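Bear in mind that the values here come from a model prediction, so they are computed numbers and not experimental data.
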Amino acid sequence: MPQYNPPLRDMQFVLHELLHAVDELKLLPAHAEVDEDTVNAVLEEGGKFAAEILAPINLSGDAEGCVLDKTTHEVKAPKGFKEAYAQYVEGGWPALSCDPEYGGQGLPVLLNQFLYEMMNSANQAWTMYPGLSHGAYEALHAHGTPEQKSTYLPKLTSGVWTGTMCLTEPHCGTDLGLLRSKAEPQADGTYKITGQKIFISAGEHDLAENIIHLVLARLPDAPQGSKGISLFIVPKFKVNADGSLGERNPIYCGGLEHKMGIHGNATAQMVLDGAVGTMVGQPNKGLQAMFVMMNAARLGVGNQSLGLTEVAYQNAVAYAKDRIQMRALSGPKAPDKPADPIIVHPDVRKMLLTARAYAEGGRALSAYVALQLDKALSSDDADEAKACEDEVALLTPIIKAFITDNGWIATSHCMQVFGGHGYIHEWGMEQYVRDARINMIYEGTNTVQALDLLGRKILGNNGATLKKFGKKIAEFVEEEGTSEAMQEFINPLADLGDKVTKLTTEIGMKAFQNPDEVGAAAVDYLRVVGHLTFAYMWARMAKLALEKKDSGDAFYTAKLSTARFYFAKLLPETAGLIRSCRAGLSPLMEMDEALF
């Protein structure tokens with residue numbers, strides 16, 4: 001059975017040494033009272049919950065899955081999930097970063113980010129139940145009426161109720177403009193909603209007393225396409241005026257998806273048969289409100305793969321140190337044993353270091369973005385808030401796509417370290433691979449994220465936001481450019497920054513002639529820019545490690561070695577990706593469709 005140890009030392013390094021997060025947060029009125037001791041205490045307790053409560057039910061939850069009673073349409077989560085959720089609620093964890101006005105603790109999003117990384121490492125399928133509730137909370141907090149907020153937010157904040165988002169339909173996934181669910185206005189101001197939704201994570205379960213579905217549907221007179229979509233609150237149980245639960249609403253689970261992974265989460269086919277809902281926001285403006293939830297979910301999905309990368313790495317390292325196979329090519333490294341531990345073999349080390357570099361780089365970037373999000377939400381300087389909001393928008397598709405791509409690579413490598421045992425369920429590694437694979441697909445496939453990054457976030461404003469982020473990198477390069485010890489990190493970072501600028505201009509010029517050039521380059525381009533963000537984080541971390549390499553603390557020695565590995569073995573991938581981007585559209589489109 002796999003084990004999990006919360007990486008508290010690295011989290012504290014990122015928070016306190018790399019980002020100086022407490023000092024940054026104290027400048028925000030909402031977080032003026034935050035201190036380092038509180039942050040560390042929350043991480044420690046959150047880590048205990050993840051490791052001691054969630055991790056032990058991950059493997060069994062995957063084997064057991066969820067069970068639908070087709071007569072009652074009720075779903076039971078795997079054994080132990082409901083009890084773990086009750087402990088989660090009792091501990092006050094759902095309220096961590098929520099608004100105190102609705103019973104929240106008002107702590108930074110950044111801290112919630114680390115809590116969720118640990119829970120995702122321990123049990124991604126379970127963590128999706130409360131994770132989706134946070135997205136529903138954010139959407140209602142931003143766009144709900146005062147009455148909706150007072151009715152739903154305290155319950156979502158406490159965790160007594162959970163939330164979902166109901167977007168996808170059998171005939172439409174990403175292209176929500178095709179959806180057909182209908183919302184008929186009623187005399188009392190409510191709507192009766194009819195339709196079918198699929199792939200609804202945590203759509204039905206027995207963990208909470210009510211489930212608040214946020215549903216996209218069309219009004220009778222709505223225009224076609226994405227401009228004719230409205231958003232509705234559709235609770236599993238209707239809510240009475242006094243906040244108590246009323247009768248069952250006709251939104252129910254018609255079936256559970258039989259999936260490759262995340263078996264412990266109920267991915268439901270939801271049927272709405274005249275279910276009563278109330279509108280969120282303005283008619284035909286539902287996507288605007290839902291995007292609040294979708295963007296939160298995209299950051300959350302990146303965090304899921306970050307968590308899986310970390311836990312897969314931990315278990316692969318433990319196995320590689322223990323498993324003996326063959327001798328090192330340069331001679332025995334464990335002469336007292338019949339063979340050497342496999343960690344002495346170069347390619348095993350390459351696989352382990354790949355996972356480690358992607359975990360620690362992903363943690364640094366995710367935390368950086370979460371801190372910018374805290375500033376965007378809480379700064380009393382409008383210009384700073386807008387700049388941070390723009391940067392979060394730029395980096396969100398990278399968090400979602402680059403980190404989930406890396407998670408797939410890393411968990412596959414870690415399974416490979418186990419050899420044949422990696423393919424066996426009881427070791428847990430094949431589950432991490434299966435669970436990681438969905439993260440590249442849902443909440444907008446990684447291709448959609450790439451198109452969003454290149455087409456909307458970069459070319460859409462002529463690279464203005466990218467240039468601002470690039471300026472931060474350039475300033476760091478300028479500061480460290482004369483440091484001889486930093487050259488192995490600064491030179492490739494500066495070189496890649498220049499290449500990204502040139503590549504962006506080149507693709508933009510091609511796109512003026514043919515917009516399909518964006519589609520041809522986008523996926524490779526996102527990975528190049530993803531590496532630019534990681535190289536920036538790794539160079540900054542290397543600087544700190546160099547400053548303390550003689551401190552006697554092995555943490556900094558390991559950090560420096562991992563940084564060197566990243567720059568030497570992973571960053572060079574960008575050369576091939578840039579060449580692929582420049583190959584353009586023609587190699588993809590010249591073949592006649594009939595020849596496929």
Side-chain angles (χ1 to χ4, degrees), residues 167-180 198-199 224-226 257 259-261 298 301-302 305 354 358 396-398 400-413 416 433-434 436-460 462-463 466 496 498-532 570-596:
L167 287 70
T168 305
E169 298 184 1
H171 60 282
C172 75
T174 302
D175 190 355
L176 293 172
L178 297 176
L179 71 81
R180 299 171 184 156
I198 63 169
F199 303 155
Q224 293 299 308
S226 59
E257 309 290 359
K259 311 185 298 291
M260 175 179 172
R298 287 169 178 174
V301 171
S305 281
T354 296
Y358 281 152
T396 292
I398 295 172
K400 197 283 180 182
F402 189 61
I403 291 180
T404 60
D405 280 349
N406 293 344
W408 171 245
I409 293 167
T411 54
S412 297
H413 279 348
Q416 187 78 8
V433 175
R434 288 186 287 105
R437 190 60 185 86
I438 185 60
N439 298 337
M440 300 160 71
I441 297 173
Y442 61 10
E443 305 313 333
T445 66
N446 286 0
T447 299
V448 169
Q449 304 304 318
L451 290 168
D452 178 48
L453 175 71
L454 179 55
R456 183 178 295 122
K457 304 295 174 54
I458 294 178
L459 298 181
N462 295 315
L466 180 64
L496 183 58
D498 289 341
K499 287 177 177 175
V500 166
T501 298
K502 293 173 183 175
L503 181 63
T504 305
T505 301
E506 185 178 323
I507 295 171
M509 292 177 67
K510 285 183 177 180
F512 275 122
Q513 302 298 318
N514 186 345
D516 277 340
E517 291 285 356
V518 173
V523 170
D524 290 335
Y525 180 87
L526 182 143
R527 193 151 184 85
V528 172
V529 180
H531 273 298
L532 179 65
L570 299 181
L571 190 64
E573 177 192 10
T574 55
L577 292 166
I578 290 171
R579 187 168 182 175
S580 176
C581 281
R582 289 193 165 130
L585 182 65
S586 179
L588 303 176
M589 308 304 288
E590 68 178 20
M591 184 185 291
D592 189 279
E593 291 178 17
L595 298 177
F596 275 88

Fill in the blank from the handout: From the list Leu526, Thr504, Val500, side chain to side chain contact (heavy atoms under 4.5 Å, CB included) partner of Ile458 resolves to Thr504
Practice task
May I ask you to decide if the ring planes of Tyr358 and His531 are parallel, tilted or perpendicular, using 30° and 60° as cut-offs?
Solution key: tilted
Fill in the blank from the handout: Taken in chain and number order and not counting sequence neighbours, the residues that satisfy ring-ring contact (aromatic ring centres under 6.0 Å, His included) with His413 are none
Problem - Within 6.0 Å of CD in Glu506, more than 12 heavy atoms from elsewhere - result: yes
Exercise for the section: Please tell me if the side chains of Leu496 and Val528 come closer than 4.5 Å, counting only heavy atoms from C-beta onward. Expected result: yes
Exercise for the section: Can you sort out the partners of Arg437 under side chain to side chain donor-acceptor pair (under 3.5 Å), two or more places apart, ordered by chain and number? Expected result: none
Practice task
Decide yes or no for Ile578 and Tyr525: does some side-chain heavy atom of the first lie under 4.5 Å from some side-chain heavy atom of the second?
Solution key: no
Problem - CE (Met260) with more than 12 external heavy atoms under 6.0 Å - result: yes
Problem - Heavy-atom side-chain contact between Leu570 and Thr354 under 4.5 Å - result: yes
Practice task
For Leu451, check side chain to side chain contact (heavy atoms under 4.5 Å, CB included) against everything at least two apart and list the hits.
Solution key: Thr447, Val518, Ala522
Problem - Salt bridge Glu573-Arg527, side-chain N to carboxylate O under 4.0 Å - result: yes
Handout entry: Within-4.5 Å side-chain heavy-atom neighbours: Pro170 and Ile198
Key = yes
Problem - Arg456 atom CZ, neighbour heavy-atom count above 12 within 6.0 Å - result: no
